[in-house]
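These notes concern the structure reproduced below.
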Amino acid sequence: MPHRFGVALGGGTARALAHVGVLAELEAAGLRPDAYAGTSFGALIAAQAALGVPPLEMERIVRQLNVPEIWMQGLDFGLHEAALIRGERWARWLDRKFFFGARFEEVERPLAIAATDLGTGAPVVIREGSIVDAIRASCALPGLFAVPYVGGWRVDGGFVEPVPYTALREVRPGPALGVHAGLDLGSSGALTRLRRLDAGPVGRWLHRRAARRRGSNPWSRLVIGLSLALASYRHEPAPPPSAELLTVDLPIHWWDFHRSPEAIAAGRTAARRWLEGRTADVGTSGVPA
């Protein structure tokens, strides 16, 4: 029998579809995680897995998605809330396609979804209620949309932790595998420029303004959110003790939903390499081979 372990899936929008390939390879090797955590689009994949949807079925659904239809869900403008869109239309579409009103109480295996409190910048772990509402909160981006959720405003959990190990520990302490399909902060020219902006006069000015504001009105939420987003580029996806990190190298952008087969194939390749690097029984951190 394989050792018990949890999986934490990071974000990356279309790049996060690589998680489907990773889960498929783990299953082919006889490994099925016993708990899941996700942030941003990784939350969507983690929730499907926790509900018992097999990776091959996820792949079938993803390959049949109508890409123009995905982008059409952004046409619910929310400028009165200091956001480009409200995100409600996208959430309804997500529920119709994937979740059918599912709630956390219905999962087959424990699930945690990571978000960030827009007022404090603190991590928030969601473990109850509507799964789609939690995913919407975890995917929210300042300037694009933010979500009122349980007494505060929530945005992308990846602003605090790119791979949601902290959220996973709430439902599955112990051995964990994190999967990172986002951009490589060390090699991306765009992210290098954003890091310089964060450290420069513009970034320092934005962070000072954000520190003096509260998230009580749309424009304050926008300033605080942009400060959080800019500061997030300092964070590397570092695994804690008893955890490992599997990084997926894939040559697609966050908006490339039409390249889902490539993302899934890259996830499979990365998982096979990770599995080949394990010993016969247990990896160096206790994650199963």
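These numbers come from the heavy atoms of this one structure, side chains and all, not from hydrogens, waters or symmetry mates.
- At a threshold of 4.5 Å between side-chain heavy atoms, the hydrophobic network of Ile, Leu, Val, Met, Phe, Trp and Tyr places Met58 and Phe100 in two separate groups.
- Among all heavy-atom pairs drawn from Gly6 and Asp34, the shortest one is N-OD1, 4.0 Å.
- Comment: Glu59 engages Arg63 in a salt bridge, judged by a side-chain N to carboxylate O separation of less than 4.0 angstrom.
- A single hydrophobic cluster is seen to contain both Trp255 and Leu94, as judged by linkage of ILVMFWY side chains at heavy-atom distances under 4.5 Å, directly or through other members.
- Atom OG1 in Thr269 sits 10.5 Å away from atom CG in Leu250 (nearest 0.5 Å).
- Side-chain atoms of Arg109 never come within 3.5 Å of backbone atoms of Gly52 as a donor-acceptor pair (strictly under, hydrogens ignored).
- Under the 4.5 Å side-chain contact rule for hydrophobic residues, Val179 and Trp254 share a cluster.
- Inter-residue side-chain proximity for Phe104 and Leu111 is flagged as met; some heavy-atom pair is nearer than 4.5 Å.
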Please assess Asp117 against Arg154 for the test side-chain contact (heavy atoms from CB on, under 4.5 Å), listing each intermediate value before the final yes or no.
-> CA-CA 5 Å; Asp117 186 299; Arg154 306 290 183 249; 2.8 Å; yes

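- Contact of the Thr116 side chain with the Val124 side chain is not registered, since no non-hydrogen atoms from C-beta on lie closer than 4.5 Å.
- Checking side-chain atoms of Asn66 against main-chain N and O of Glu69 turns up a donor-acceptor pair under 3.5 Å.
- With contacts defined as side-chain heavy-atom distances shorter than 4.5 Å, the pair Ile113/Arg127 does not qualify.
- Atom CZ of Arg136 is separated from atom OG of Ser138 by 12.5 Å, given to the nearest 0.5 angstrom.
- Taking every heavy atom of both residues into account, Pro164 and Ala37 meet most closely at O-CB, 3.8 Å.
- Using cut-offs of 30° and 60° on the angle between ring planes, the pair Phe98 and Trp93 is perpendicular.
- A donor-acceptor contact shorter than 3.5 Å links the side chain of Asp156 to the backbone of Gly158.
- Considering CG of Asp95 and CD1 of Ile131, their distance stands at 9.5 Å, rounded to 0.5 Å.
- What you find for Ala29 and Leu275 is that their closest heavy atoms are CB-CD1, 3.9 Å.
- Other members of a hydrophobic cluster containing Leu56 are absent, since no ILVMFWY side chain comes under 4.5 Å of it, directly or through relayed contacts.
- Checked for salt-bridge contact, Glu262 and Arg15 miss the test: no charged N lies under 4.0 Å from a carboxylate O.
- Listed for the Arg172 side chain is a donor-acceptor partner under 3.5 Å among the backbone atoms of Arg4.
- Tyr165 shares a hydrophobic cluster with Val163, Leu245; the chain of contacts runs through ILVMFWY side chains whose heavy atoms sit under 4.5 Å apart.
- Comment: Glu25 does not engage Arg273 in a salt bridge, judged by the lack of any side-chain N to carboxylate O separation of less than 4.0 angstrom.
- Side-chain contact between Phe99 and Ile135: present, with at least one pair of heavy atoms (C-beta onward) separated by less than 4.5 Å.
- Side-chain N or O atoms of His19 include one that pairs as donor or acceptor with a backbone N or O of Gly10 at under 3.5 Å.
- A donor-acceptor pair is defined here as one N or O able to donate and one able to accept, closer than 3.5 Å; no such pair exists between the side chain of Ser40 and the backbone of Gly11.
- The shortest non-hydrogen separation linking Pro33 to Val7 is CG-CG2, 3.3 Å.
- Between Trp274 and Leu26 there is a side-chain heavy-atom pair separated by less than 4.5 Å.
- Cluster annotation: Leu168 and Leu44 are assigned to distinct hydrophobic clusters (Ile/Leu/Val/Met/Phe/Trp/Tyr, side-chain heavy-atom contacts under 4.5 Å, transitive).
- When hydrophobic clusters are built by joining Ile, Leu, Val, Met, Phe, Trp and Tyr residues whose side-chain heavy atoms come closer than 4.5 Å, directly or via intermediates, Trp90 is grouped together with Ile126.
- Taking the charged nitrogens against the carboxylate oxygens, Arg60 and Glu57 do have a contact shorter than 4.0 Å, which makes a salt bridge.
- Smallest separation of non-hydrogen atoms from Pro110 and Val171: CB-CB, 3.7 Å.
- A heavy-atom distance below 4.5 Å is not found between the side chains of Leu17 and Phe41.
- Salt bridge status for Arg32 with Glu27: absent, with no side-chain N to carboxylate O gap under 4.0 Å.
- In terms of heavy atoms, Val132 sits closest to Ala91 at CG1-O, 3.4 Å.
- The backbone N or O of Thr166 sits less than 3.5 Å from a side-chain atom of Glu161, completing a donor-acceptor pair.
- Looking at Leu9 and Thr39, their side chains never come closer than 4.5 Å, going by heavy atoms from C-beta outward.
- A side-chain donor-acceptor contact under 3.5 Å links Glu106 to the backbone of Arg103.
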